[in-house]
Amino acid sequence: MPALRLAVFDMDGTLLDSLPDLAECCREILAQCGLPLLSDAQVRTMIGNGVQVLVERALKASLAQKEKESGVASSLPMSSEEAVSRFMAAYTPRATRLSRLFVGAEDALRSLHAQNWKLAVCTNKPEKAARRILSDFNLGSLFAAVGGGDSFVARKPDARHLLGTITQAGGIAARSIMVGDMSPDYLAAEGAECPFVFARWGYGPTELAARATADAAAMRDIPALLERIMPA
């Protein structure tokens, strides 16, 4: 018998509209640094490569804005490491305060589960935060594995992150599909030699659709699309 099929999902911008909470926590750190606050739209462009990259991008953009407004060169009052630590202290307990699953996400996941797909999450978000989010939405039991950005020696776009998640879920790459909205998701799938489905509703550039195996306009389209790509 063929191995069970595995659907691997990115989290931010794919399963979860996490922008509101991520942006609020970025603004909290910027306020502590005495820097200009960034809008949700600005923070949106910084998501997808993990917390450290998000915080560093936010600090850099805000510092540049301050220097442009004042005409005076400035330096950060704290290291990026301290800023990341403060961000996680603020974000972990409130990760689902404003964030919501994308429309149709829960129904799509439960439909796939009922159709005997295994499910996994492969996210650059820290594993603890990812598991907390799934638990908050009562979805944890649906997933065979949660591969966070700190779960393995590498993270997306490195294929080892996706391959490690697939192995942890008891799957094989040849019977797995990656669903995501950003370039790191696509590159990890390409490196793992897995089909990639582009989530048009997410935060990523629409140009990725041309490089994907297929693309979907909404989460409700995912079960039927995955069935077409990888029939039982």
Side-chain angles (χ1 to χ4, degrees), residues 9-103 105 121-140 146-151 154-157 161 180-185 199 201-206:
F9 291 88
D10 172 51
M11 181 166 278
D12 298 328
T14 301
L15 294 179
L16 185 74
D17 184 7
S18 54
L19 174 60
D21 284 305
L22 292 171
E24 280 293 290
C25 290
C26 280
R27 286 190 282 268
E28 183 173 323
I29 300 306
L30 295 174
Q32 292 175 16
C33 293
L35 292 172
L37 306 185
L38 301 178
S39 67
D40 283 16
Q42 288 173 297
V43 175
R44 179 188 176 112
T45 66
M46 303 172 185
I47 297 172
N49 288 277
V51 170
Q52 183 170 344
V53 173
L54 169 62
V55 173
E56 289 176 350
R57 286 174 174 171
L59 289 171
K60 182 178 179 180
S62 183
L63 186 63
Q65 184 175 320
K66 180 180 180 180
E67 292 177 346
K68 182 178 180 180
E69 292 171 353
S70 67
V72 178
S74 303
S75 60
L76 295 172
M78 67 176 76
S79 66
S80 61
E81 291 77 12
E82 182 180 354
V84 168
S85 178
R86 292 192 184 192
F87 180 94
M88 287 308 303
Y91 179 71
T92 301
R94 63 153 296 155
T96 55
R97 187 179 300 173
L98 300 173
S99 301
R100 296 291 180 266
L101 296 172
F102 282 104
V103 173
V121 165
C122 182
T123 174
N124 280 338
K125 186 186 296 295
E127 182 179 339
K128 181 179 178 181
R131 289 187 179 277
R132 168 72 181 270
I133 289 166
L134 294 176
S135 176
D136 284 352
F137 287 110
N138 297 312
L139 297 176
V146 177
D150 54 356
S151 299
R155 65 183 184 188
K156 298 180 298 184
H161 186 181
D181 68 314
M182 300 288 284
S183 179
D185 306 315
W201 62 88
Y203 305 148
T206 56

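Contact annotation: the side chain of Leu15 never approaches that of Asp10 to less than 4.5 Å [non-hydrogen atoms, C-beta and beyond]. Val43 places a side-chain heavy atom less than 4.5 Å from the side chain of Leu54.
Of the possible polar contacts, one joining the Arg155 side chain to the Asn49 backbone as a donor-acceptor pair under 3.5 Å is found. At distances below 3.5 Å, at least one donor-acceptor pair connects side-chain atoms of Tyr203 with backbone N or O atoms of Leu19. Distance alone, capped at 3.5 Å, is enough to place a donor-acceptor pair between the Asn124 side chain and the Lys156 backbone. Put simply, the side chain of Ser62 never gets that close to the backbone of Ala58: no donor and acceptor are under 3.5 Å apart. Although no hydrogens or angles enter the test, the distance criterion places a donor-acceptor pair under 3.5 Å between the side chain of Asp185 and the main chain of Met182. Judged by distance alone, with hydrogens and angles left aside, the side-chain atoms of Glu67 form a donor-acceptor pair with the main-chain N or O of Ser74 at under 3.5 Å. Distance alone, capped at 3.5 Å, places no donor-acceptor pair between the Lys125 side chain and the Asp12 backbone. Remark: side-chain polar atoms of Asp40 are not paired, donor with acceptor, to backbone N or O of Pro20 under 3.5 angstrom.
Using a 4.0 Å cut-off between charged nitrogen and carboxylate oxygen, Arg86 and Glu82 count as a salt-bridge pair. With salt bridges taken as basic N to acidic carboxylate O contacts below 4.0 Å, one links Glu24 and Arg27.
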Audit row: Arg132, Asp136, salt bridge (Lys or Arg N to Asp or Glu O under 4.0 Å) steps and yes/no: CA-CA 6 Å; Arg132 168 72 181 270; Asp136 284 352; 3.4 Å; yes
